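Step one of this worksheet: look at the structure below.
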Amino acid sequence: MTPGLLTWVTFLPALGGLGLALVPRRRSDLARVVALAIAVAVFALAVPLYLTFDGGRADPQFEERAGWMPTLGVSYHIGVDGISLLLVLLTAFLSPLALASAWRAVEERTKEFGIAMLILETGMIGVFVSLDLFLFYVFWEAMLIPMYFVIGVWGGPDRIYAAIKFVLYTLVGSLLMLVAILALYWQHGAATGVYTFDLPVLSRFVLAPGLAQDLMFLAFALAFAIKVPLFPFHTWLPDAHVEAPTAGSVILAGVLLKMGTYGFLRFCLPLFPDASIRFAPWVFALAVIGIIYGAWVSTVQPDLKKLVAYSSVSHLGFVMVGLFTLTAQGLVGGIIQMINHGLSTGALFLLVGMIYERRHTRLIADFGGLWRVIPAFSALFLIVSLSSLGLPGLNGFVGEFLILVGAFQVNRLVAALATSGIVFAAVYLLWMCQRVIFGPVTHPENRRLADLSAREWAVLVPALVLIVWIGVYPVAFTGKTEASVGALIAQVQSKAAAAGVRAR
Amino acid sequence: MSTTVWLIPACPLLGALVNMVFGGALGRRAHWVGVLAVAAAFVSADAVFARVLDGQVYAGELFPWIVAGSFKTAVSVQVDSLTAVMLLVVTGVGFLIHVYSVGYMDGDPGYARFFAYLNLFVFSMTMLVLAGNFLVLYVFWEAVGLCSYLLIGFWYERPAAAAAGKKAFIVNRVGDFGFGLGVMWLWTALGTLDYSAVFNSVDRLAPATATGIALLLFMGACGKSAQLPLHVWLPDAMEGPTPVSALIHAATMVTAGVYMVARSHALFERSGVALEVVAWIGGLTAIFAATTAVIQTDIKRVLAYSTVSQLGYMFAAVGVGAYAAAVFHLVTHAFFKSLLFLGAGSVIHALGGEQDLRRMGGLAPRMVPTAVTMTVGAAGLAGVPGLAGFFSKDAILAATYAGGHPGLWSVLVLGAFLTSFYAFRLLFLAFFCMPRMAKETAHHVHESPAVMTVPLGALATLTALAGFAVGIPSGAGTPFERFLASVFPLHEGEGGGFTAYALLLLSVIVVAAGFLLAWLMYMTRAVAPNAIGRPKTRLHTLLLNAYYVDRIYDALIVRPLYAFSVFLARGVDLGLLDGVVNGLGRAVVGSAQRLRRLQTGYVVNYALTMLLGVVVLIGFLLAR
Amino acid sequence: MQFPAVSVRALLPALIVLGTAGLVLVLDLLPPRARKGHLPVLSLAGIVLALLSTTWLWGEETRAFHGMIVLDGYALFLQLVICYAAGLVVLLSIDYLHERGLESGEYYALVLFATVGMLLMAAAGDLIVVFLSLELMSLSLYVLAGYFRARLASGEAAMKYFLLGAFASAFFLYGIALVYGATGTTNLDRIGASTGRDSLLTIGFALLLVGFGFKISSVPFHMWAPDVYVGAPTSVTVLVATGSKTAAFAALIRVLVSAFRGGQLDSTALLWVLAVATMTVGNVVAIAQSNLKRMLAYSSVAHVGYMLVGLTAGGALGAGAVLFYLLVYTFTTAGAFGVVLLLERAAGEGVSLADYAGLARGHGVLALVLSLFLLSLIGIPPLGGFVGKFYLFGAAVRSGYVGLAVIGVLNSAVASYYYLRLIVYMYMREPEAAPPPSATSFAGGLALAVALAGVIVLGVMPAPFIDLAQAAVTPLLR
């Protein structure tokens with residue numbers, strides 16, 4: 001089998017990472033360039049995926065399949081559909097930005113940093129393109145380790161605690177998911193005689209409703225809920241975010257959290273439709289608590305990174321609400337919101353990282369009046385904050401509104417409570433802006449800050465372009481997902497109906 | 001017509017972008033971009049108005065916007081007579097205020113930024129009134145809120161300005177919370193958000209559903225138009241530059257709520273309750289804000305509360321079904337209130353930033369054009385017969401009475417009295433009483449440049465003539481009502497006759513009474529500065545503090561929520577949730593330490609353990 | 001009574017190693033006596049030859065000596081694993097001993113004798129052969145454990161190992177006697193064919209289990225392991241941790257499957273308890289260790305627990321999973337101990353966590369390699385350890401032991417804590433002292449390379465090996 005485009009997109013980063021290992025240790029400048037070049041090349045490879053993707057078709061495209069462990073029914077099966085396409089692009093898009101943001105921030109072991117980031121990228125893309133449960137799990141776990149290194153080696157003072165917490169927390173969830181994967185595999189095999197980890201095949205399998213399905217759902221859900229993170233499984237997140245270097249935070253918030261929501265969408269819903277529908281009220285409850293709780297806790301954080309970290313809990317709550325509405329609006333909104341959060345929060349972390357590089361503090365109280373000193377930075381900070389709080393015309397609104405429209409059809413109380421989140425988002429983000437960029441310059445150290453450099457502009461502008469693009473013309477993106485979303489909903493509902501439970 | 005319509009928002013958008021990107025390079029020339037952009041928009045709006053006058057309407061779609069499943073919306077616009085009127089007001093008044101700003105903002109370091117924001121606002125506001133569906137309306141509803149946020153906080157180095165901008169945005173968000181839910185409900189119920197489709201199918205809505213949707217939408221209007229209980233942001237919004245107060249917080253943006261309710265009157269009418277609520281909220285706000293305005297000492301705050309009050313009148317009118325009257329008051333209010341604000345700005349400019357009425361007085365001889373135009377404005381606000389405000393306010397009072405709301409009517413009449421009083425109080429205190437400012441300040445008093453006074457003159461002219469031009473009833477309604485008849489069907493010959501004249505007379509008496517009281521209090525004797533606005537009774541204190549609404553919100557919502565959030569962050573998140581996780585880890589490590597001690601290193605112990613294992617093993621197997 | 005036909009084929013791998021051992025002893029006596037470099041090479045050659053013979057014999061199904069020796073796919077698979085283990089041990093020993101000036105012929109001969117015992121255990125079809133080969137292996141290992149005569153800990157380790165080992169052997173022997181008393185035979189197949197269940201057989205089985213439990217270091221018969229692992233020369237530790245365990249498992253599985261399957265007594269509940277106890281105790285206590293060898297000792301106890309999960313699951317799938325896991329485990333554990341061995345200082349120091357602080361700066365490659373072994377031990381894909389665990393827990397879930405699988409994966413999570421902590425020390429802390437002198441050992445490097453290649457190949461391309469393991473156990477279960 002000759003590797004196709006998607007295989008290249010998936011494995012080029014890791015291959016490049018291995019190649020990067022050949023760069024002499026002392027040439028950290030060269031290592032930076034090579035790492036960035038590889039990441040940019042990956043993005044360049046990923047763009048044709050978007051351009052040639054047929055939004056009218058629901059089934060996976062760019063599919064590749066090869067035997068791997070035939071005895072166990074494991075195959076190398078990858079492809080993208082409307083649900084994963086955008087996430088693959090997001091990953092390929094954010095990785096070069098993250099690497100470029102670390103240009104000056106990562107001074108030590110630069111080469112190793114590039115390697116870790118590139119291997120991480122392969123892991124993330126692999127998660128999104130896998131159409132085989134075993135393969136998916138391999139990527140899912142493999143990606144933990146480079147992230148562990150990124151936090152633990154290049155992180156802040158408390159990085160070791162944060163890194164271990166991140167891995168252990170995630171591992172507990174995903175190992176239970178492993179058991180559920182195995183259980184599903186045997187159930188399917190016993191019922192059909194076909195022993196396979198192939199996702200499309202397993203997705204067609206109607207599992208009898210009952211305890212077994214519930215437990216499997218819960219095991220998957222726990223793994224994903226930790227990753228999302230859904231309240232109350234979020235406490236690893238603030239630590240990981242605060243301690244991670246900027247590039248790590250960007251990837252963590254931008255892509256890693258999406259793996260949780262993507263997991264719900266890709267696995268929980270089609271594999272366990274019955275349980276998904278039954279547990280939807282619980283998911284709604286946790287998601288809505290997360291929306292409001294995340295926002296409130298954000299409000300009182302003294303540290304910029306922590307504030308943004310908790311805001312992720314709130315934002316991802318919206319995505320979860322959207323996914324479990326099982327409406328076209330909720331799902332499309334949820335998917336778009338995943339992208340939006342990746343862009344907005346990613347950009348916020350980039351900005352926080354830039355100001356941290358200048359001042360070596362992230363405490364809100366250490367800033368104030370930055371607009372006077374560094375207007376360009378402040379203006380972008382404001383725009384990104386506005387995008388994060390869902391200002392219409394920018395990206396965040398599109399996703400949130402669709403999610404809420406979806407939620408409104410299913411449960412008005414959920415919709416109303418979730419909508420209150422947009423008020424609180426305005427509170428914590430605008431208050432943050434007020435204290436950081438407005439007002440008089442209160443600290444003399446802030447008087448001589450340099451405004452954005454050309455490199456920093458280059459890092460931020462691509463994100464800003466997408467923020468506006470999605471806000472103004474979202475059809476360019478939603479158009480790619482709609483068919484797949486429709487097919488997914490139909491599948492979930494018909495399976496749930498086949499299992500004898502009336503779908504809503 | 002298509003191109004002309006699109007030009008109206010496109011020109012200011014382009015102007016805003018140019019000033020944002022090249023503002024630094026343009027420097028003092030930035031106003032040319034800003035003013036010309038709005039001028040072009042105004043010209044286009046005129047052209048559109050002319051076509052609409054000929055009976056044309058327009059509906060167009062730019063591109064599909066948010067699409068998901070059966071949810072389909074596009075960036076679409078529609079132009080009818082209501083839109084045309086609003087466009088004229090927005091671009092016309094907007095143009096004058098842009099011109100005025102050239103003088104007022106002269107020398108400000110953020111000159112280009114100011115015009116960029118202002119153009120952005122005109123773009124957003126024109127799109128708001130052009131919108132062809134509720135979602136586009138919602139978008140620009142928030143976009144004007146953003147501009148308001150940016151412009152209130154324009155002098156960002158003032159902490160109060162930054163705080164006021166944030167407050168405005170957040171309070172508006174509270175309203176938008178309802179507005180958004182209303183839009184969602186509307187779509188869920190009808191499957192469309194297009195105006196025409198919605199208004200043609202309101203009959204399909206159950207009245208209860210219509211009530212729910214209408215009230216949620218109205219919640220948004222309360223936020224945007226500063227109605228009870230979401231009015232608290234508007235007085236604080238006076239932290240913004242005065243042209244901003246005139247354009248956004250008097251003439252245009254704050255009236256968006258009125259426009260929205262009027263636009264959606266079919267929906268509101270489907271639910272009787274909703275209209276009733278709108279009317280009463282409007283009435284209560286009118287009297288609430290009017291009472292507050294009578295004792296304020298900050299010239300801009302008087303005007304701010306006055307705006308809140310006047311918006312209340314408009315809502316009362318909408319609530320009783322007098323849509324055209326409401327829109328007419330919207331228009332005249334735009335004239336005289338922006339005039340008053342700009343005049344106030346001229347005064348502030350002249351006094352070097354002084355806003356306190358207690359330290360003004362006697363300005364009239366030194367600033368004749370300003371004094372004259374301000375007099376026209378105050379008289380217009382008070383409702384002096386002949387001026388625009390008289391016609392529009394009287395139409396509202398008449399409609400309220402005729403619509404069978406005597407209680408509401410009496411409230412509004414009382415409000416009219418108060419309005420007249422505080423309008424003249426402001427005028428007297430600023431221009432005609434004895435001067436009370438410091439000598440040094442008095443010495444520097446000067447009239448503003450022509451670039452500021454000419455717009456004042458234009459607005460004064462409009463205030464003086466608009467009523468005569470289109471506000472006098474003849475046959476079926478006024479010319480203004482007839483123009484809007486395609487949107488708001490004319491009500492046949494209500495009122496009229498003896499009742500109408502009696503009401504008219506009463507209005508005149510009320511205005512005269514307010515004037516007289518103000519005259520007696522401030523013009524018959526010299527007033528000591530510290531006597532003005534000094535709380536003498538508890539009632540005074542209550543009014544001066546605007547019924548303590550801010551403090552009540554602070555005590556009931558803001559502080560408890562903040563404290564609770566701190567508790568969540570420290571107690572729940574770090575204490576409980578993280579504690580459980582870390583505790584689990586510690587428990588494992590702890591048990592590791594304990595288990596480790598079993599490993600003593602003594603062979604005998606090991607052997608004994610093995611022996612124990614043997615016994616257990618055998619026992620286990622035998623037991624089965 | 002007819003003298004049984006001598007079947008050389010059935011004993012070929014063992015005979016090759018035995019012959020090599022003899023040759024080593026002889027050569028050790030011949031000049032040049034000062035230089036010993038050729039002895040390990042010879043030993044290695046013998047082991048490689050044995051390894052090749054297993055592949056040459058592949059597909060063989062021979063019973064010899066009245067069924068006392070069974071050379072089937074199962075035996076060959078495990079002999080392959082044992083040969084790998086022995087080969088790695090020899091490679092690791094060369095410079096390790098050289099640096100300490102303790103090269104000798106008898107060391108390699110003993111390693112080879114132990115290997116012979118292990119190879120025979122894998123092919124034993126009779127309890128007597130199991131016992132004899134077990135003793136051959138054990139006695140060699142007792143001596144090897146005390147090989148560092150000058151070092152007190154080494155002697156103590158040997159003594160403990162010997163005393164407790166003898167204790168366990170006694171139980172084992174008594175178990176054989178009881179089984180013989182109950183069934184009248186020591187042949188595994190015939191025990192399996194005997195019907196009826198009486199308490200004599202049960203107690204006999206329990207005592208056999210004690211013997212095996214000791215050798216595989218299952219809880220509660222594991223207590224010797226940490227002390228011996230720490231005290232013995234690290235190269236010997238590798239052999240104890242990998243080869244002897246593989247051999248013991250080989251015999252245990254055959255005994256379980258051939259002699260005690262289903263009919264007579266149901267041991268799954270017992271195995272369930274042993275599995276849970278072994279992995280939990282192993283992992284939890286490992287957390288509290290600061291000596292790397294001790295930590296790895298407990299870790300290897302825990303891995304025995306995982307393999308017991310496979311035994312509990314039973315069937316071809318469970319047994320196949322254990323076989324595959326033994327293969328992975330051998331490479332991984334040999335590799336991990338191998339790195340420790342290379343970094344160990346002469347007096348047995350340099351094996352504490354603190355000594356590894358900042359290792360990545362001084363010894364980037366070693367740190368990376370050790371990290372990969374540790375990640376495989378955690379079970380992170382795409383390394384062999386992951387596939388092994390996947391296979392084991394898959395078998396458990398298949399047989400309905402979902403609870404056991406859950407306990408297993410939770411244990412993996414606990415385990416990841418102490419493995420990751422070591423990575424923390426290597427990568428995320430600053431060195432406390434000057435890094436240890438760079439260990440340049442070609443043979444050691446080769447061993448690590450082989451082990452690493454094994455771990456990676458088994459993780460990325462496990463399919464052929466899974467098929468082999470499956471094919472090896474399927475005939476056993478017929």
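Side-chain atoms are counted along with the backbone in the values below, which use heavy atoms only and exclude waters and symmetry mates. Every value quoted in this text rests on a predicted model; they were computed, and no experiment measured them. First the proteins, then the strands, lettered A, B, ... as listed; each starts at 1.
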Taking all non-hydrogen atoms of both residues, which atom of [X] and which atom of [Y] are closest, and how far apart?
X        : Y        : value
B/Ala607 : C/Leu164 : N-CD2, 3.8 Å
C/Phe221 : B/Met610 : CE2-O, 3.4 Å
C/Val284 : B/Val588 : CG1-O, 4.0 Å
B/Gly613 : C/Pro220 : CA-CG, 3.7 Å

Less than 4.5 Å apart, side chain to side chain, heavy atoms only: is that true for [X] and [Y]?
X        : Y        : answer
C/Phe167 : B/Leu611 : yes
C/Val285 : B/Gln599 : no
B/Tyr606 : C/Asp227 : yes
B/Leu617 : C/Phe205 : no

Does any backbone or side-chain atom of [X] lie under 4.5 Å from a heavy atom of chain B? Answer side chain, backbone, both or neither.
X        : value
C/Leu163 : side chain
C/Val414 : side chain
C/Ala286 : neither
C/Tyr418 : neither
C/Val273 : side chain

